[in-house]
2 protein chains.
Amino acid sequence: MYGIKSLKGMFSKACEYGIRASIFIATNSSKGIRVGIKDVAKEIDSPEPFTAKIMQILTKNGIIHSAKGVGGGFEVSDEAVKSIKLIQIVDAIDGDKIYKGCGIGLKECSEDHPCPVHHEFKKIRGLLLEMLTKTTLEQLASGVKSGDFFLKTLNIND
Amino acid sequence: MYGIKSLKGMFSKACEYGIRASIFIATNSSKGIRVGIKDVAKEIDSPEPFTAKIMQILTKNGIIHSAKGVGGGFEVSDEAVKSIKLIQIVDAIDGDKIYKGCGIGLKECSEDHPCPVHHEFKKIRGLLLEMLTKTTLEQLASGVKSGDFFLKTLNIND
DNA sequence: TTAATAAAAGACAAATTTATCTTTAATTAA
DNA sequence: TTAATTAAAGATAAATTTGTCTTTTATTAA
Ligand code: FES
Ligand code: FES
């Protein structure tokens with residue numbers, strides 16, 4: 001009606017790109033292929049230089065591996081793809097507020113000093129945390145490889 | 001570890017303030033008391049001028065009512081307190097992306113062209129949407145009035 | 001009327017997030 | 001050793017969100 005505001009999603013743009021990039025890299029690493037930042041940005045439809053910054057965060061956090069020079073690029077080892085959980089990516093980029101913080105902005109979420117939405121909100125956060133904790137990069141990547149899931153909106157001008 | 005990023009919550013600051021403000025106003029309206037922007041900001045621990053802006057959005061959207069002049073301030077009618085759902089506040093300020101948008105940033109969330117987290121994410125959004133749709137201002141306000149729930153962190157220097 | 005009060009509106013400013021560009025460092029292959 | 005390649009790092013810049021300040025408008029009461 002008189003909406004003035006944002007298009008806020010659950011995660012930051014940076015985090016969204018980080019998740020999509022990690023999945024894309026994982027789909028290729030299983031085939032033994034390293035992908036460059038250019039390919040990543042193209043495949044997940046994200047701004048290349050910004051995506052590069054996010055890749056740096058992920059590599060520093062040991063979530064993905066990078067190699068410089070000819071034939072270099074990004075990859076994730078088979079073991080890492082199996083062990084890395086979505087929460088590690090979210091945590092590295094957005095921190096833990098989304099699954100730990102108070103829903104309506106109290107400085108901390110506390111059972112002893114709860115806000116009015118605390119009990120209901122806890123359930124939502126809990127489901128989110130469970131999903132983030134259980135989901136592995138492998139699960140996500142396999143769905144993309146099989147063609148069941150996608151990493152970008154399909155573009156009529158392609 | 002090498003976290004560089006944000007302290008992103010589920011809702012924007014504006015929306016958090018808007019929800020807390022609405023609840024505070026509702027707790028007073030039941031007693032027939034109008035509250036001024038100064039009281040609101042103080043009681044919910046928010047920046048006054050910014051909160052005033054958010055109140056304007058809420059009044060334009062018919063969620064709360066305002067009266068200028070001596071004895072004026074913000075209020076919500078008894079009927080409105082009963083009928084207004086949390087989702088109306090969120091929708092007016094943050095829009096619907098948080099409960100409709102794709103979790104990892106695809107331009108739209110689609111059953112036919114799902115992202116890798118689509119099915120799990122849908123459950124979380126669904127629970128959030130259910131909560132937002134079911135929760136009334138009255139429910140939230142009554143918990144605050146009874147002293148079970150709080151609108152700001154308790155401050156040791158008070 | 002006039003004065004006081006309080007929200008609305010508008011202009012501005014700071015902080016944060018998102019995005020871009022340039023230079024540097026590392027790696028590979030010729 | 002040189003050239004080519006590719007990520008890392010650093011400096012900026014744009015956009016958005018958050019926060020502040022001033023002026024205007026509406027209302028009430030004297
Ligand atoms: S105190 Fe607000 S969600 Fe727990
Ligand atoms: S397409 Fe991503 S959540 Fe539905």
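Just so it is clear: chains get the letters A, B, ... in the order the sequence lines come, proteins before strands, and each one is counted from 1.
Place A:Val70 and A:Glu48 on DNA chain C by their nearest nucleotides, and A:Glu48 ends up nearer the 5' end. Place A:Gly69 and A:Met55 on DNA chain D by their nearest nucleotides, and A:Gly69 ends up nearer the 5' end. Sequence order on DNA chain C of the closest nucleotides to A:Lys68 and A:Lys13 puts A:Lys13 first from the 5' end.
Here C:dA6 presents its P atom at 14 Å from CD of B:Glu75, a figure rounded to the nearest Å. Here the C1' atom of nucleotide C:dT18 and the CD1 atom of A:Ile54 are 9 Å apart, to the nearest Å. To the nearest angstrom, C1' of C:dT17 lies 13 Å from CD1 of A:Ile93. For the pair A:Ile37 CD1 and C:dA26 C1', the computed distance is 17 Å after rounding to whole Å. A:Ile64 has its CD1 atom 14 Å from the C1' atom of D:dT6, to the nearest Å. For the pair A:Phe74 CZ and C:dT27 P, the interatomic distance rounds to 14 Å; values are reported in whole Å. The CZ-C1' distance, from B:Phe50 to D:dT16, rounds to 11 Å in whole Å. The nearest whole Å value for the distance from the NZ atom in B:Lys53 to the P atom in D:dG19 is 14 Å.
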### Task
Take A:Glu79 and A:Lys82 through the salt bridge (charged side-chain N to carboxylate O under 4.0 Å, His left out) test and state the conclusion after the steps.
CA-CA 5 Å; A:Glu79 311 86 69; A:Lys82 284 192 184 66; over 6 Å; no

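Within the structure, every side-chain polar atom (N or O) of B:Ser66 is placed at least 4.0 Å from both OP1 and OP2 of C:dA6. Checking the phosphate oxygens (OP1, OP2) of D:dA7, no side-chain nitrogen or oxygen of A:Thr59 falls inside 4.0 Å. Contact between the side-chain N/O atoms of B:Tyr17 and the OP1/OP2 oxygens of D:dT18 is not found at any separation under 4.0 Å. Checking the phosphate oxygens (OP1, OP2) of C:dA9, a side-chain nitrogen or oxygen of B:Lys60 falls inside 4.0 Å.
Across all strands, B:Val40 comes closer than 4.0 Å to no nucleic acid atom at all (heavy-atom distances). Counting non-hydrogen atoms under 4.0 angstrom, B:Ala52 reaches nothing in the nucleic acid.
When side chains are defined from C-beta on, B:Asp91 counts as touching B:Tyr99, because their heavy atoms get closer than 4.5 Å. Between A:Leu106 and A:His118 there is no side-chain heavy-atom pair separated by less than 4.5 Å.
On a pure distance criterion of 3.5 Å, no polar donor-acceptor pair joins the side chain of A:Gln56 and the base of D:dA7.
Each of D:dA8, C:dC21, D:dT18 was ranked by its minimum atom distance to the side chain of A:Pro49; first place goes to C:dC21.
Counted by atom type alone, A:Asp112 and A:Ser110 present zero donor-acceptor pairs between their side chains at under 3.5 Å.
Taking the six-membered ring for Trp and thresholds of 30 and 60 degrees, B:Phe150 and A:His113 have nearly parallel ring planes, at less than 30 degrees apart.
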